[in-house]
Each structure stands twice: as C-alpha cells, then as structure tokens.
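Letters A, B, ... mirror the listed sequences (proteins, then strands); counts begin at 1.
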2 protein chains.
Amino acid sequence: MPRNKEDARRRLVTAALELFGASGFDQTTAAQIAARAGVTERTFFRHFPDKREVLFVGQSILGTALSQAIVEAPPECSPIAALRRAFVSVADMLEQNRQFSEPRRHIIAATPALQEREVAKHAALTQMVAETLQKRGVESRRAALAAQAGMAVLSYALNGWFADPSSGLVHHLDRAFEELQGLSSPPDHKWAPAFK
Amino acid sequence: MPRNKEDARRRLVTAALELFGASGFDQTTAAQIAARAGVTERTFFRHFPDKREVLFVGQSILGTALSQAIVEAPPECSPIAALRRAFVSVADMLEQNRQFSEPRRHIIAATPALQEREVAKHAALTQMVAETLQKRGVESRRAALAAQAGMAVLSYALNGWFADPSSGLVHHLDRAFEELQGLSSPPDHKWAPAFK
DNA sequence: ATCTATATGTCAGTGACAGACATATAGATG
DNA sequence: CATCTATATGTCTGTCACTGACATATAGAT
C-alpha cells in the first residue's frame, strides 16, 4: 500500500484546527492548511469534499452508534423513551471527545458558514434518527417529529453540559427530557416545572 | 432616484427560478442569471450576498410576522399555545405564496447545497422564535426547546399541507400539534393517537 | 437645465474546487 | 532481491463564486 493515508488526514485536521483557531476560518486558505500538513492543496480536497468538512469528521460514528442503540431499545418503549436510552448510551463517547469538540465549538461559533454546515449535519443526523425510529414501527411523519423533538432535547442537554461539565452529561439529559414534558404546562412556575 | 432597483431584484429572482428549474442549480452560473435579467454578474452579487440567497427572499417577512404574533398572544398561554396561535396567524400568508414556494421546493430538493441553506434559515427562524418567547417571560433554554419543538410541528404541518392542500393549512396545524402531545404515549395505537 | 444620490457597468484579482495526467511508495509476488 | 501493482500524492490547468476600486448612468430634487 502507498503513503500513509490516514496519517495525512489526521495532520490535515490538526493543521486546520490550529490555523482556524489562530487566524479564523475565512482568513485561512486551504493551501495554507495543506502546506502545514506537508501536502498539496489538491490532496486536501481529495480528503475532504470542501474546506468546511475538515471540521466535521466523526459525525458518522455518532450516527451509527445512535442508530444501533435506537433499534436495540425494548419494543414497548415510546419513541421518546427509545431516544432517551440511545442518547444515554452515547454519552460516554461524547464525554471522551470533549477536548476536541471544545475548541471546535469556538471556531464554529465565530463563523457563519460553519454554523450553516453544523446545522445541516444536525439535520442529517435527525433524519437518520427518524428513519431508525421507523424501523421500530413508528409511522413516518410521526417519527420525523419525534426525532426533531428528541434531537432538540439532546442539544439542550449538550449545551447545559458544555456550560457545566461537573454534573455528567447523563444528568443533563435527564433534566432535558423532563423539560420537554413540562413544555405544555402554563407558565405559572416560571422555572423548570417538572423536577424537584 | 436611480434605475429601478426592486424591479431588477424581481427579474433576477424570476430568472434564477427559471434557469435553476430548467438546468439545475449547479449547472446555472450567476452570470447566466444576470444576463437573463438584463444586468451584470456584479449587479447580481450586489442584490444577493451569494448565489443561493436568491431563493430565500421573503424569509424575513415571515419571521417578523411570527414574532409579532407570538408577542401578542395572551399571557396565560403556554409556550406551545402561543406558538400555535402565531402559526395560525401566518397560515394565510403561506397559503398565498404557494405558487412560488412550490417550484422552489423542487429545486431545493434536488440540490444539497440549497438544502443546507434552507436548514440554516430554518434554524435562524427558530432562534428568532426562541428569543421572542423569552420576551414573554419564558426562561432562555426552555424557550429554545419550545421553539424547536414548535418549529418541528410547523414543518410537519407544512409537509402535510404540501402533500394534501385540499384541507387547509390550519387544519394540518391542528393535527400536528395533537401529534406532538401524543409523542410520549406508548406505540399501541399505531396511527395518530390523539384525534377522533 | 443642472445637480445629486444611488444603481449599475467595467476591470482586475483571489480563492475554492475539479479534471487530466504524471509520479512516488508500501507491500505483494516471483 | 527485483519487480510489479494498487493507491496516494504531485503538478498543471481551468472554471466559477465572489470582491474591491473606479467609472458611468439615471430618476428626481433644486
């Protein structure tokens, strides 16, 4: 086999992360990333279909893990309950990657074009979750609605966890699902209505 | 005042819609759109920050209409109830634009780059909705969750309405909100659990 | 009739990305 | 050990999205 492909990929991701963090996404050229990684611009675009994509590796891993967990949830689970189990099952993986996703978040937060891509990835993941719910027998459009509500809960929990990592991600997930149930209650108790 | 600006805008949008529909988004160049509209490529990019944006005019109108309706909902409304009122209040506007949004949907459905932009616009709208809910006194992250669930319901209803325009959009909205409530019920009654 | 603000034209340049073709290297094969 | 091969990479060239700088045209105010 030829020159080490995966290593070049890793070098490209690392170089991109560093340059984006230092100079910003728009001010960093694909050629610069390639140069720092010791390859050519053309090689960069052989590894990633476009400049943004270098920041979105590993999304597919999360997707397949989620899919598998959803399928394996007990059949008597409601759609939301199945999603809850799945999210808890990948919490560990997410907590592991925190050191990588932390700087990534800052770069994305500073770049509209990257936010657009992230939102799209989120939507794609949601789509995959919806299709997996269908395999459990959930009707198509109902599955889509459940997936969107569930992924909203996941984002909610992740935001809370990024702000406060001291309590684990699982704890944030529990609270977030309780919030979803409380959403239709009148706004009397102004703060979280459903927990202690 | 100088040459008619708004008219050039409209010609550009029309030309883009026609060319995208005929040849596809990727195969259509910005210069071609400009030529058909009787202006220069440079002028195209003075009216639209990028090539995709020509298909996303009028989103801001919907946003402001939604915001206003949310603020004006009775204070005793739950977040979801406030959103429901707001959606119903813009249903008429949406039904009016159907002839425009119909071909637009097909073009977007055939172009990943446009789907990405649409998802982003959807997210931006959701963000605006969340911030408006906060003005009603809904706590920040709870507002975000409600906005996402609510916008999911809106999409659900719009999809149903596009597939079956015979019953009005308001009817689809009613059904969609009932679906949201039924999401946490066990999957016994396989079809919509909450209505008649 | 002139004057002005604003829309548009013109020109040149940068950078993302793709096709075509050549070259280099790790490992299989003899 | 020499060769051979699949695959990764380099090189070159081209298209197109998008931008800055500067010139020009036009509808309306004076």
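Using a 4.0 Å heavy-atom cutoff across all strands shown, B/Thr40 reaches at least one base atom of the nucleic acid. Counting any heavy atom pair closer than 4.0 Å across all strands shown, B/Thr29 reaches sugar-phosphate atoms only and no base atom. B/Ala8 comes within 4.0 angstrom of the backbone, heavy atoms only, and of no base.
If you measure from atom CG of B/Leu114 to atom P of D/dA17, you get 13 Å, rounded to the nearest angstrom. A straight line from CZ of B/Phe25 to P of D/dA17 spans 8 Å, rounded to a whole angstrom. We find that NZ of B/Lys51 is positioned 9 Å from P of D/dC16, with the value rounded to whole Å. Taking atom CD of residue B/Gln27 and atom P of nucleotide C/dA18, one finds them 13 Å apart after rounding to whole Å. Rounded to a whole Å, the CZ atom of A/Arg9 is 17 Å from the P atom of D/dT7. Taking atom CG on A/Leu12 and atom P on C/dA16, their separation rounds to 14 Å, with Å as the unit. Following rounding to the nearest Å, A/Glu6 (CD) and C/dT25 (C1') show an atom-to-atom distance of 17 Å. Computed from coordinates, the A/Lys5 NZ to C/dA26 P distance equals 16 Å when rounded to whole Å.
Both B/Arg42 and B/Asn4 lie close to DNA chain D; mapped to their nearest nucleotides by heavy-atom distance, the more 5′-ward contact belongs to B/Arg42. Map A/Asp26 and A/Arg46 each onto its nearest nucleotide of DNA chain C; the residue landing nearer the 5' end is A/Asp26.
Phosphate contact (OP1/OP2 of C/dG9, side-chain N/O of B/Thr43, threshold under 4.0 Å): present. The side chain of A/His47 places no N or O atom within less than 4.0 Å of a non-bridging phosphate oxygen (OP1 or OP2) of D/dA8.
No salt bridge links B/Glu116 with A/Lys121; every basic N to acidic carboxylate O contact stays at or beyond 4.0 Å. One finds no salt bridge joining B/Lys51 and B/Glu41 here, because no Lys/Arg side-chain nitrogen approaches an Asp/Glu carboxylate oxygen to under 4.0 Å.
With a cut-off of 3.5 Å on both pairing distances, the Watson-Crick or G-U wobble partner of C/dT14 is D/dA17. The nucleotide D/dG28 finds its pairing partner in C/dC3, both defining distances of the Watson-Crick or G-U wobble pair being shorter than 3.5 Å.
One distance of note links CG of A/Leu169 with CG of A/Asp164; it measures 11.0 Å at 0.5 Å rounding.
Side-chain contact annotation: B/Ser67 with B/Thr132, donor-acceptor N/O pair under 3.5 Å present.
Under the side chain to side chain donor-acceptor pair (under 3.5 Å) test applied with A/Glu118, the options A/Arg105, A/Arg104, A/Arg52 reduce to a single match, A/Arg104.
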